[in-house]
Amino acid sequence: MPTNRFDFSRCSEVVARELIGITVLINGVGGRIVETEAYDQQDAASHSFGGQTPRNAAMFGPPGRAYVYRSYGIHWCLNFVCRDQGHGAGVLIRALEPTAGMAVMQSRRGLDNPRLLCAGPGRVGQALNIDASFNDLPLDEPPFQLLGRPGTEPVVMLTGPRIGISKAAETPWRFGEAGSRFLSRRF
DNA sequence: AGTATGATTGCCT
DNA sequence: GGCAATCATACTG
């Protein structure tokens with residue numbers, strides 16, 4: 001049976017891998033996570049790298065909450081806070097295979113093609129109607145729902161360098177499901 | 001297929 | 001004042 005329990009109190013790389021195949025819903029709308037990226041305080045590409053600031057405070061709070069930030073002044077991006085409190089680590093949700101609330105997501109995105117609904121962090125934000133009010137919210141309570149458990153289904157994992165960053169760009173902390181048509185980009 | 005560009009805003013140096 | 005964990009569109013070859 002599905003569960004809302006998920007162990008976020010581990011390092012971002014492990015959590016990022018285990019999230020592949022997990023379903024995330026917000027108010028019943030969303031899908032299966034097929035692409036993630038790990039970020040960590042020791043990592044020059046992470047928002048938490050320089051220590052805690054008002055913007056990244058959620059990353060330093062308890063694991064298992066959302067960290068939401070504005071990207072390029074335009075998009076809202078969703079992260080899951082992980083590791084131990086105070087460590088400044090999180091996992092960026094980069095792409096979903098849309099499964100629930102397709103019509104709502106199509107309307108929010110202004111597009112029909114399921115393939116492009118949630119293929120990228122900004123698109124996920126728009127499809128799930130994310131904004132700043134979701135920052136720091138616990139992931140095991142409404143409006144969030146996490147379904148499934150790591151290892152329940154066999155997932156062939158792809159690994160590669162993260163996207164859109166300039167520092168630590170060679171660190172292979174991007175993860176995805178092999179063969180998925182819903183990835184933001186090819187690995 | 002690949003490369004370029006504008007949109008847009010809050011945070012940090 | 002500069003920049004950013006992006007996206008859609010409009011080019012080029």
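Each chain gets a letter, A, B and so on, in the order the sequences are listed, and its residues count up from 1. The analysis underlying the following values was restricted to heavy atoms, covering all of them including side chains, and did not include hydrogens, waters or symmetry mates.
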Here the distance between atom C1' of dA8(C) and atom OH of Tyr72(A), to the nearest Å, is 14 Å
Please give the nucleotide sitting opposite dT5(B) as a Watson-Crick or G-U wobble pair, both distances under 3.5 Å, or none. dA8(C)
Taking any atom closer than 4.0 angstrom to a non-hydrogen atom of chain A, what span of DNA chain B does the protein reach, first nucleotide to last? dA7(B) to dC12(B)
Figure out the CZ/P separation between Arg162(A) and dA5(C), and round it to whole Å. 10 Å
Does anything in residues 102-123 of chain A reach DNA chain C, meaning a heavy atom under 4.0 Å, and if so which residues? Arg109(A), Gly120(A), Pro121(A), Gly122(A), Arg123(A)
For Ile165(A), which contact category applies under a 4.0 Å heavy-atom criterion: base, sugar-phosphate, or nothing? sugar-phosphate
Check: dA5(C) base within 3.5 Å donor-acceptor of Tyr69(A) side chain: yes
For atom CH2 of Trp173(A) and atom P of dA5(C), their distance in whole Å: 15 Å
Check whether NZ of the Lys or CZ of the Arg Arg32(A) lies under 6.0 Å from the centre of the six-membered ring of Phe182(A) and within 45 degrees of that ring's axis. no
Does dA5(C) have OP1 or OP2 under 4.0 Å away from a side-chain N or O of Arg70(A)? no
Between C1' of dC7(C) and CZ of Arg185(A), the distance in whole Å: 12 Å
In whole angstrom, give the distance that lies between atom NE2 of His75(A) and atom P of dC7(C). 6 Å
Supply the atom-to-atom distance Arg149(A) CZ to Glu18(A) CD, rounded to the nearest 0.5 angstrom. 11.5 Å
